[in-house]
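Convention: sequence-line order gives letters A, B, ...; per-chain numbering from 1.
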Protein chains: 2
Amino acid sequence: MVKITDVARRAGVSPSTVSYVLSGKRSISAATRHRVEESIRELGYRPHAGARALASSRSNVVALVMPLRSGVHVPVQMQFAAAVVTTARTHDHDVLLLTQEEGDDGLRRVADSALVDALVVMDVQLNDARVPLLRSLGLPSVLIGFPAEAHGLTCIDLDFTATGEECVAHLARLGHRSVALLGSPPEVYVRDTGFARRTAAGFTAAARRYGMRSAVLPCAPGPQAARETVDRLLREHPDLTGVVVHNEPALGPLLEAFHGAGLRVPADLSVVALCPDEQAEGAAVPLTSVAIPAAEVGERSVELLMAKLAGREVPDATLLPPRLTERASTAPRTPTT
Amino acid sequence: MVKITDVARRAGVSPSTVSYVLSGKRSISAATRHRVEESIRELGYRPHAGARALASSRSNVVALVMPLRSGVHVPVQMQFAAAVVTTARTHDHDVLLLTQEEGDDGLRRVADSALVDALVVMDVQLNDARVPLLRSLGLPSVLIGFPAEAHGLTCIDLDFTATGEECVAHLARLGHRSVALLGSPPEVYVRDTGFARRTAAGFTAAARRYGMRSAVLPCAPGPQAARETVDRLLREHPDLTGVVVHNEPALGPLLEAFHGAGLRVPADLSVVALCPDEQAEGAAVPLTSVAIPAAEVGERSVELLMAKLAGREVPDATLLPPRLTERASTAPRTPTT
DNA sequence: CCTTCGAGTCGAAGCGCTTCGATGAACGGT
DNA sequence: ACCGTTCATCGAAGCGCTTCGACTCGAAGG
């Protein structure tokens, strides 16, 4: 194994000089830098990560805590993870993969043992048990999603309020006057996720602003539940011409239920979905949709982390603007006779 | 930060004794062990990972190299990754996530810098450029999949030969006499993956053994290609009653093409798929299938790695037996009039 | 011309842990 | 009673790196 003293000897300098060439923390003459860099290349030198971590109290590793078993759409998680790894690498950091399973202890372990020097925590819930822990850990962290009490934490997510608004705005532009949001099953609203509520709030507020009639209905997954939801929707809102679906697993069944009810998309009903692009593209009628910008979230979270590690101030909350992609499922309202 | 000397002082022993309690590498009296463990608990001591790595030249981290952008079914990859992380944790190791993108350099980097002490490499291709590198790296590694020249490497995968055989055996038991394997697009056979060929070999050998007529056809993805493949298949093998599909993306289109050709599954045609269970269950007619045992592969690969790290001998090749799950798409051959 | 300063470099002191050899103590065998 | 063993523990020497203070030298400032 080649070490820093080997490089130093070959370049005719002291080990500390080599270190300074590597870190750039002190000025080095061009000539010396050159010789050192040459020696490094020739010897194929790589600093020993452990030694470095010990001496500098920086491991250059960030932890990524993933919900490896959750209901979140898996390919989206993957995109996110890929973005985190890639971005971390551009900042000379590596990524340690932790699962939600290990829970609190896992976080504490990697933090206390100085295995990592920052954390990215995915899938944060409204009342996430890890939040107090993260506060006390003394390591920079970024949360994907917003807990109820986010003060002093750095959080990032799609701006679901704006997403709700944007979907309504799109339908408004197309002339729709009566719209509905089909959301998550009731328990989700109660239990954990802030985003369901935020979407609904944006949706409702925008509808009011545009002077549209609007409704918000929860929807359980499964064809049976979808049919019931659609029945109820059409009964209670016979003039409905636009819906927004914020419920990936129920999306397919709902579309079939619309079909079953004799509604053609988009002729009779315009549909906007909140779902991954693949899903939107794969539907029988390609769906106008807003996707979770997973790659962007991943990239930005690492960037926030790096900023914090560098001692820079970062905003507590980062909300990424929704991007609505128009596809075939939305059309101007056909004036009903 | 609490360190080993703090624990030692509190327990009234020397640091080395604490270390030996932790590692179990020397015998310690029950009384002393007890006092030390108590102190550790009370102080909340965690050894500094870097210091440990430096002193012991073991980082207790394994690298997982994932193809984060590839065509491999993503949820299956996830399952695999989850199993790797979980199993690694049971052996007191953590997992560093690398992407294929970083390529050779990434492997060399984490190896040379002693960031990790072993590697799990997914998605190994027949002529994988990383193979020579892995040989020269001097770290234990486990490959998921088999390269052309696997000598001296530890590889693990589903036993595709046995899988081909098992599918045929299943159809044979049901009385089928003429079967076909619909495989990957032609380029796959040529380019990279050994498993396509191995499945075909097992399939053909078993068919011969059972005295069945058999054919192997490649199949490109997409509805168009699927229809052409099915047309050709029925034309060339009019007596066909069973097919095995080893091509996840083409599976849906193929089923539709069968339907379009007037074939009912399983009444007219029995279908066995090689695909994830979710996909098999989600089909219109739930498919009899063999799944890649991702979780098992992940677990076993880490176990192999740990054995190698412990200096134990491990087999070069580990082939996991296929498990065929019967669902609705296969049925006894209905004797044609 | 002497001081001051900054740029460039070195030496040495750790960072927190593991591990090796050494040291006692206890113990059974003769 | 003595010796060889084994068991339990300690002290000290690193592991390979970073970093702090100190030093030198030439240029700039008075």
Side-chain angles (χ1 to χ4, degrees), chain A residues 1-37 39-40 43-61 92 94 109-117 309, chain B residues 1-37 39-40 43-61 92 94 109-117 309:
Chain A
M1 186 211 190
V2 27
K3 41 197 172 201
I4 202 171
T5 51
D6 301 330
V7 175
R9 191 167 336 108
R10 185 179 234 282
V13 299
S14 79
S16 52
T17 300
V18 176
S19 178
Y20 287 123
V21 167
L22 249 23
S23 69
K25 292 191 180 174
R26 285 203 182 170
S27 53
I28 297 285
S29 70
T32 305
R33 179 185 2 273
H34 219 242
R35 257 181 306 135
V36 169
E37 281 165 351
S39 306
I40 289 177
L43 298 176
Y45 167 69
R46 308 269 186 168
H48 185 289
R52 197 180 258 239
L54 179 56
S56 68
S57 25
R58 279 297 197 96
S59 66
N60 274 35
V61 174
D92 200 34
D94 274 286
R109 184 173 58 79
V110 297
D112 289 354
S113 65
L115 232 192
V116 305
D117 28 51
L309 282 172
Chain B
M1 188 211 188
V2 27
K3 38 198 174 202
I4 202 171
T5 51
D6 301 329
V7 175
R9 191 166 337 110
R10 186 176 231 285
V13 299
S14 79
S16 53
T17 301
V18 175
S19 177
Y20 287 123
V21 167
L22 249 23
S23 69
K25 292 191 179 173
R26 285 203 183 170
S27 53
I28 297 286
S29 70
T32 304
R33 183 193 347 282
H34 220 240
R35 259 182 304 135
V36 169
E37 280 166 352
S39 307
I40 289 178
L43 297 177
Y45 168 68
R46 308 268 185 169
H48 185 289
R52 197 180 258 239
L54 179 56
S56 66
S57 24
R58 279 296 196 99
S59 66
N60 275 37
V61 173
D92 200 34
D94 275 286
R109 184 173 57 80
V110 297
D112 289 354
S113 65
L115 232 191
V116 306
D117 30 50
L309 282 172

Whole-Å distance between C:dG8 P and A:Lys25 NZ? 18 Å
For the pair made of CZ in B:Arg35 and C1' in D:dC10, what is the distance, rounded to whole Å? 14 Å
Atom-pair distance (CD1 on A:Ile4; P on D:dC15), nearest Å: 14 Å
Which of these nucleotides, D:dG16, D:dG11, C:dC17, is closest to any side-chain atom of A:Ala55? D:dG16
B:Tyr20 OH to C:dT18 P: how many Å, rounded? 10 Å
Which heavy atom of A:Val61 sits nearest a heavy atom of A:Leu115, and at what distance? CB-O, 3.6 Å
Both A:Met1 and A:Ser23 contact DNA chain D. Taking the nearest nucleotide for each, which residue is further toward the 5' end? A:Met1
Between P on D:dT18 and CG on A:Asn60, what's the gap in Å once rounded to a whole number? 10 Å
Please state how far atom CD1 in B:Ile40 lies from atom P in C:dC17, giving the value in whole angstrom units. 10 Å
Using side-chain heavy atoms (C-beta onward) and a distance below 4.5 Å, is B:Tyr45 in contact with B:Leu22? yes
Report yes if a donor N or O on one partner sits less than 3.5 Å from an acceptor N or O on the other, where the partners are the side chain of A:Arg26 and the base of C:dT9; otherwise report no. yes
Donor-acceptor pair under 3.5 Å: do we get one between B:Tyr45's side chain and the base of C:dC17? no
Just checking B:Ser56: base, sugar-phosphate only, or nothing, at a heavy-atom cut-off of under 4.0 Å? sugar-phosphate
Please give, in whole Å, the distance from D:dC15 P to B:Arg58 CZ? 19 Å
To the nearest Å, how far apart are B:Asp112 CG and D:dC17 C1'? 16 Å
Counting only side-chain heavy atoms from C-beta out, which of D:dC17, C:dC17, C:dC10 sits nearest to B:Ala51? C:dC17
Hey, does B:Ser29 reach any base, or is it just sugar-phosphate, or nothing, if we go heavy atoms under 4.0 Å? sugar-phosphate
Closest-nucleotide mapping onto DNA chain D: is B:Arg33 or A:Leu54 further toward the 5' terminus? I mean the 5' end. B:Arg33
Would you check if there is a donor-acceptor pair between the side chains of B:Ser14 and B:Thr17 at a distance under 3.5 Å? yes
What's A:Thr32 touching, base or sugar-phosphate or nothing? Going by heavy atoms closer than 4.0 Å. sugar-phosphate
A:Arg9/A:Asp6 salt bridge by N-O under 4.0 Å criterion: yes
Using only heavy-atom distances, decide whether a donor-acceptor pair under 3.5 angstrom links the side-chain of B:Ser14 to the base of D:dG11. no
Remember a base hit wins even if backbone is also touched, and classify A:Ser27 as base, sugar-phosphate or nothing at under 4.0 Å, heavy atoms. base
Is a donor-acceptor pair below 3.5 Å formed from side chain B:Arg52 to base D:dG16, judging by atom type as modelled? no
Any donor-acceptor pair under 3.5 Å from B:Asp92 side chain to B:Asn60 backbone: no
Contact summary for B:Arg35 and B:Val13, nearest pair of heavy atoms: NH1-CG1, 4.1 Å
With a 4.0 Å limit, can you tell me whether B:Thr17 has a side-chain N or O closer than that to the phosphate oxygens OP1/OP2 of D:dC10? yes
